[in-house]
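Notes to accompany the following structure.
A note on names: the letters A, B, ... follow the listed sequences, proteins ahead of strands, and every chain is numbered from 1. Please read all numbers here as calculations on a predicted model, not as lab measurements.
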Amino acid sequence: MQWSSASEFFAMGGYGLYVWTSFVATALCMGWEVLALWRRRAATRAEQRASLLGGADETTA
Amino acid sequence: MLQAVSLRCSRGERRLFTDLNVKVERGSLLAVVGENGSGKTSLLRIFSSLLSPEQGSVLWEGQDILQLKELYAGQLTYIGHLNGIKDDLTPLENLMSAMSLAGESCSNNGAKEALEAIGLKRPIHQLPSKVLSQGQKRRVALARLWLSTRPLWLLDEPFTSLDTAATAVVTQRLHTHLQRAGLAVVVTHQEVALPTEIVQRLRLTG
Amino acid sequence: MLQAVSLRCSRGERRLFTDLNVKVERGSLLAVVGENGSGKTSLLRIFSSLLSPEQGSVLWEGQDILQLKELYAGQLTYIGHLNGIKDDLTPLENLMSAMSLAGESCSNNGAKEALEAIGLKRPIHQLPSKVLSQGQKRRVALARLWLSTRPLWLLDEPFTSLDTAATAVVTQRLHTHLQRAGLAVVVTHQEVALPTEIVQRLRLTG
Amino acid sequence: MSMDINWLKYSSPQAFYPLAGRLIPWFACVVVVLMGVGLYMGFFVAPTDFQQGEAYRIIFVHVPAAWMSMFLYVVMAVWAGIGMGLNARLSFMMAQAIAPTGAMFTFLALLTGAMWGKPTWGAWWVWDARLTSELILLFQYAGVMLLRTSIDDLRRADRASAVFALVGVVNVPIIYFSVQWWNTLHQGASVSMATGSKMASTMLTAMLLMTLAFWLYSIAVILARVRCIMVERESLPVWNEKSAVIQEAVEAR
Amino acid sequence: MNGSSMWEAVSGIIRRDLLLAMRRRSDAAMSVFFLVIVVSLFPLGVGPDPVVLRTIGPGVLWVAALLACLLSLSRVFTADYVDGALEQMVLVPQPLAVLVVGKVLAHWLISGLPVVLLSPLLGLQFGLSGESLGVLVMSLLLGTPTLSMIGAIGAALVLGVRGSGLLVALLVLPLYVPVLIFGAGAVTSSMAGIGGEANLSLLGACLVLSLFLAPWATAAALRIALE
Amino acid sequence: MNGSSMWEAVSGIIRRDLLLAMRRRSDAAMSVFFLVIVVSLFPLGVGPDPVVLRTIGPGVLWVAALLACLLSLSRVFTADYVDGALEQMVLVPQPLAVLVVGKVLAHWLISGLPVVLLSPLLGLQFGLSGESLGVLVMSLLLGTPTLSMIGAIGAALVLGVRGSGLLVALLVLPLYVPVLIFGAGAVTSSMAGIGGEANLSLLGACLVLSLFLAPWATAAALRIALE
Ligand code: HEM
Ligand SMILES: Nc1ncnc2c1ncn2[C@@H]1O[C@H](COP(=O)(O)OP(=O)(O)OP(=O)(O)O)[C@@H](O)[C@H]1O
Ligand SMILES: Nc1ncnc2c1ncn2[C@@H]1O[C@H](COP(=O)(O)OP(=O)(O)OP(=O)(O)O)[C@@H](O)[C@H]1O
Ligand SMILES: [Mg+2]
Ligand SMILES: [Mg+2]
C-alpha cells in the first residue's frame, strides 16, 4: 500500500485532477446510463399497465 | 368582384390567350376548363398575382391587384397543383402553421374539426404527413378551406386524387362558400363535381 | 397470370389489408378502387416488388416474384403517382432514356409517334419538361405505354390531371393491350374511364 | 449452463424477453464485485509507475473503455448483419441497443485519454492517428444513431442503419492498427497474445479485471435496453413473463 | 398590415421552422457535426505538427464555419419551393422581406448558433489560447448571421434562375470574402497580441449592412423564382 | 439478363446523366468551382506565408477535393428519388448494383474528372514541385473514384431524410478518412523525397475494395429507401 494518508491518496502525486476527473466522469456516465434505463423501463411498465387495464381486447391482438 | 381586363399571357414562344375578359361576381363560381396545356394554371396564377400578365390587368373590387399588393393577398386563399404541406409535420401542424402564416390563426380544435370535416380521422392527425397517401395529402391542403374566411378562393384542380366521398364534401363546402357571398375560381377537368350554383364556364382553347 | 396469395400489409401501426387473394388472367384488367388511404398504392407497389409484403406472396405465372427478381422486372411496366421524368430533359429525351433503361430501346421516330399518339404535338417534343403543364407531364410518363411490349402493366391513377381527350386515348390503349393478351392492374378513382373489357374490381376497405 | 439448450428457442422475442430479464441481476452483481476488486487492485495494490507517476492509473478506465468502444462496434455490426441476412427483428433491436453504450465508451476513451494526455504529452489533444481514428469512431456511432432517428419508418430505419454499421466496420481495424501503421505519440499495444505483457503483473491484472467488469456491464445494460426497445416497439404488453406488471393489473381489476 | 399581425406571421414562420427542426432533432446537431468533421479532416491531411496547426487554426475554423453555413443555408428555400409552401408564403398578406428575416433567423438559430457555441472546443484542439478563443466566439457570433443573410440571397436565386449553381457562387462568395478576412483576421491578430477589436467592429458593420439589404434582395429573388 | 442488354442499360444511364449535365452545364462546373473557391479561401484565412502554404498545400487540396466530391455526390440520387425516376431504375430488369456503378461512373466523369484535371494548376499555386504535382494527380485519379463509390452509399442511405445534406457528410466522411490520409500522405512523402508509391498502392487497394463492395451496399440502401 503506497498511500500514507487520505490526502495523499486524493492528490495522486499531483495528478489528482486528471485521475479523478477520469474516474468520476466514467462513474457518472455509467450511473447516468443506468438511471436513464431505469426510467425508461418504468415508463414502458406504466404504459403496459395502462394498456392492460385499458382495453383487454386490444392486448389480445 | 374579380375582373380580368383584356389579359394576355405567353409562356416561352407560345401565346396562351389574348384579350381575355371575364367577370366573377360575389356568390358565383368561375370554372376554368380546357385541354391540358391550354393555360388554365397560368390564368389562375395571374389571378393570384404570382404571375404578372403580359398585358391587361386583374381588378379586385375595381382596383388593380398589382397596386393592392398585400391587401389583395389578404383577400384570397390559393391552393395550387402543389399541396404546400411539409412532409415532416403532422397534418394538424401543417394546417395550423399554414393558417397562422396566412394571418388567420385558428385554434387547435378548430383545425382538428376542419381535418375531420374533410374526412381525416383523429389518428391521422398525428402522423408525419409523408406517410399519408396521395389523396390524404390533398385533403390536408384542402382542409384550409374549412377555416378560410377569405372571400376569394382560387383552386387548381382541387379534386385530383380525391375519392368520391371527399369530392362530394369539397363540393358541398364550395356551395356554402358561394352562399355566403364568397367567390371562387376553380380549374378542373371534373366539371361534374362542381356545385350546381351559378357556375360560369370559361373554356380556354390553348 | 398474376396472383396474390394471402397478402398482408401494414404501414406503421395501421393494418391496410390481410389475407388478400386475387388472380388476374391474361386479357383481363384488375381495377383497384377504394377510399383515399385504403392501401391501393401500397398494393400496387407490392405487385411491382418495390415493397415486400408482411406476409403472403405474389406469383407471376406461378412463381414467386421475389425469387424471379430481374426476370420479373422484365415483364412489367410500372407507372406510379410520380411521373419519373426529368425536368431538364425534353419529352422526347425523357421517353427514350426511360425506354432504353427498361431494356426496350426505341427509335427516335418510334418515340415521337408515341408522344403524338398521346396528344403531345411536335413543338412540345423539344421543350424542357419543366415548362410543361401538369397534364402534359403526365402524358409524357404515359407515352411509355405506346412503346411497351411488356405483358403486365401496373398503373397508379393514370388519369390524374388528364383532360377528357387524353383519358379516352389512354383507355383505348388499355383496351388494345388487353386484346393482345396483356394484363393490367389499374388504381383509379375514375372507374368510368376504364375500358369495358373483362374488368375485375377489387375494393379495398382500408 | 448445460449444452442442450435450444438456442433457437431464445431467438424469438417472446422467449428472449424473460430470459434477458432473469440474466440482468446476475450480471449486475458480478459487475459490482469485479469493479470493486479491480479498483482496489488498481489504487492500492498496483505500484506507482516509475515514468508517469500516479497519472498512469487512468489506464484502469482508459484502456477498458477504448477496447469496449471498438469491440462493441464490431458486435453491433455483427447483429446488424444477422438482421439483414435473416430478416430477424431481434437482431436489429440488439444492434440498436448496443449503439448508445458503444458511443458512451468511445466518448469516455476520448475524455480519459485527454485527461491522460495533458500530464504526459502536455496537450489535451494531438492529431495523432490513434486519437483521430477514435474520434472518427465516435462519429460513426453518431452516424448510426442519427440515421436511425432521422427515419420514421422503423423497418427502414433498422435496415438503413444496419447497412451503415456494416460498411463502417472497415474502420475498426484501421483504428486498432493505426499505432503500428503510422508512428505516433500514442502507446503501442502493450498486451498482445504473441509476446505476452510488458506491464507489471498487478497492473495488468487490475486492468484486465476492469475490462471484464466493463464488458459484463455492457452486456447487462444492453440487455436492459433491448427489453425496453422490445416493449416500445412491439407494443405488446408482456412477453409471457409472470411479472409484477400482470399481477398489478390483475389486482387492479 | 399592422404590426401585430406582421409579428404573428413572422413568429409563425419561425415557430414552424423550429418545429420542423425539433422533428428532426438531429438537424440541429448536423451543422455542428459537419464543422467538427471538416475541422478534424485538416490535421489528417496536413499532418500533426502543432505549430503549423496553430498557425492555420483560425483560418481552418472560419472556412469550415463558412462552409457549414453556406451548405446548410443553400437549401433553406428549396423544400418550400418544391412542396408549394413558398407559393403560400408569397401570398401571405405581409411584406415578403419581413418573412424572409424570420426564415433566416430560424435557420441561424438552428444551425448557426450551435456552431458558435461549439467553436471554443475546436479552438482548443488547435491550441488556441483563452483570449483568442473569446475573440473567435465573438467573431463567429457577429459573422455567421451575416453569412446567413447573404447566403439567403443565393439560396433564393438557386430556385429561379436556370443554371444557377455557378451564379450563386459568383454572387455570394465575393460577399463572403470580407467576412472571412475580418473574422479570421480578428482571431489571428488577437493571437499576435494586437487584439481583434478593429476587425470585430468591421464585422459588426457588415452585419448591420446585410440586415438592411439582404432581405429585400432575397424577397425579390423569391418572387422571380415563382413567376 | 444477358451481357449486352446489361451494357445497354448501364450505358443508357450514363448517357442520360451526361445529357442532363450538358443541359445544366453550370452544375457540372460546380464542383470544380467549389474546389477553386475553397482552395483560394485558405490563403485568405491563413495568411500568405509561402512556407506554411507549401506545408499545408497537399492537405488543403485533398480536403477540398474530398468536400467537392462529397457535396456534388450527396445529391446523385435525390432528384431521381423525388421525380420517381429511381422507382423506374429499381424496376429495370438488370441487377441494381450494376446500374449503380453506371450512375456513379457518370457522376465521376462529370464532377470527379474535372477536379483531377484541374488539380495541378492549384498545386502550382501552393508551390508544389513538378514531381509532386504528378503524384497529386495520380493520387486524385485513384482516390476520387473511391470517394464517389463510398459517397454513393451515404447518398442512398439518406434519401428522403430531412436535413440529409449534412447527415450524408456525417455518414460518409469517417469512411473517407483512410483515403484522405493515403492521398495527402502520397503527396507529402513525395515532397519529402520519400516517393509516394506505397501510399498510391494503398489507394489502389482502396479503390478495388470499394469497387467490389460499395455497389452492393448502395443497391441495398436504395431498395430500403423505396420501401
Ligand atoms: C484522447 C486521447 C486518447 C485516445 C482517443 C486514446 C485511444 C486509445 C485506444 C482506442 C486504445 C485501445 C487500442 C489498443 O489497445 O491498442 C488505447 C489504449 C491505450 N492508451 Fe490511449 N488514447 C488516448 C490518450 C492516451 C494517453 C495520453 C496515453 C498515455 C500516455 C494513453 C495510453 C494508452 C495505453 C497505455 C493503452 C493500452 C495499449 C495496450 O495495452 O494495448 N492513451 N487508447
Ligand atoms: N418556355 C415555354 N415555351 C413554350 N411553351 C411553354 C413554355 N412555358 C410554358 N409553356 C406552355 O404553356 C402552357 C402552360 O400551361 P398551364 O400550366 O397553364 O396549363 P394548364 O391549362 O394548367 O394544363 P393542365 O390541365 O395540364 O394543368 C403549356 O402548354 C406549356 O407547354
Ligand atoms: N407509418 C405509418 N403509420 C400509420 N399509417 C401509415 C404509415 N405509413 C402509411 N400509413 C397509412 O397507410 C396508408 C397508405 O395508403 P396508400 O398510399 O396505399 O393509399 P391509397 O389507397 O393509394 O390512397 P390514395 O387514394 O389517397 O392514393 C395511408 O392510409 C397512410 O395513412
Ligand atoms: Mg394546370
Ligand atoms: Mg395512392
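Considering OG1 of D/T101 and CG of A/L37, their distance stands at 7.0 Å, rounded to 0.5 Å. Interatomic distance, CE of D/M104 versus CH2 of A/W32, reported as 9.0 Å (0.5 Å rounding). Taking CD1 from D/I222 and CD from A/E33, the interatomic distance works out to 8.0 Å, rounded to the nearest 0.5 Å. Considering CH2 of A/W20 and CE of D/M115, their distance stands at 14.5 Å, rounded to 0.5 Å.
Between D/E54 and A/E8, the closest side-chain pair of non-hydrogen atoms is not below 4.5 Å. D/Y217 is listed as a side-chain neighbour of A/V34, based on a closest heavy-atom distance under 4.5 Å. The shortest side-chain heavy-atom distance between D/I229 and A/R40 falls under the 4.5 Å cut-off. Taking 4.5 Å as the limit, some side-chain heavy atom of A/C29 sits within range of a side-chain heavy atom of D/F107. Here the side chains of A/M30 and D/F105 are in contact, with some heavy-atom distance below 4.5 Å.
D/I58 touches chain A through backbone and side chain together, each having a heavy atom under 4.5 Å away. Contact of A/W38 with chain D is not made at all, since no heavy-atom distance falls under 4.5 Å. Contacts between D/A46 and chain A at a heavy-atom distance below 4.5 Å involve the backbone alone (N, CA, C, O).
The environment of CH2 in D/W215 is sparse: at most 12 heavy-atom neighbours from other residues, nucleotides or ligands sit within 6.0 Å.
Nearest heavy-atom pair across A/V19 and D/A55 is CG2-CA, 4.1 Å.
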- Query: Could you go step by step and tell me if A/Y18 and D/Y56 meet the ring pair (Phe, Tyr, Trp, His ring centres under 6.0 Å) rule?
  - Reply: CA-CA 10 Å; A/Y18 306 112; D/Y56 93 92; over 10 Å; no
- Task: Could you please spell out the steps behind the side chain to side chain donor-acceptor pair (under 3.5 Å) verdict for A/T44 and D/E232?
- Result: CA-CA 7 Å; A/T44 57; D/E232 287 162 7; 5.9 Å; no
- Message: Pair A/T26, D/M210 - check side chain to side chain contact (heavy atoms under 4.5 Å, CB included), show working.
- Response: CA-CA 12 Å; A/T26 310; D/M210 288 299 280; over 6 Å; no
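Taking the six-membered ring where the residue is Trp, A/F9 and D/F43 present perpendicular rings, their angle passing 60° and hence far from 30°.
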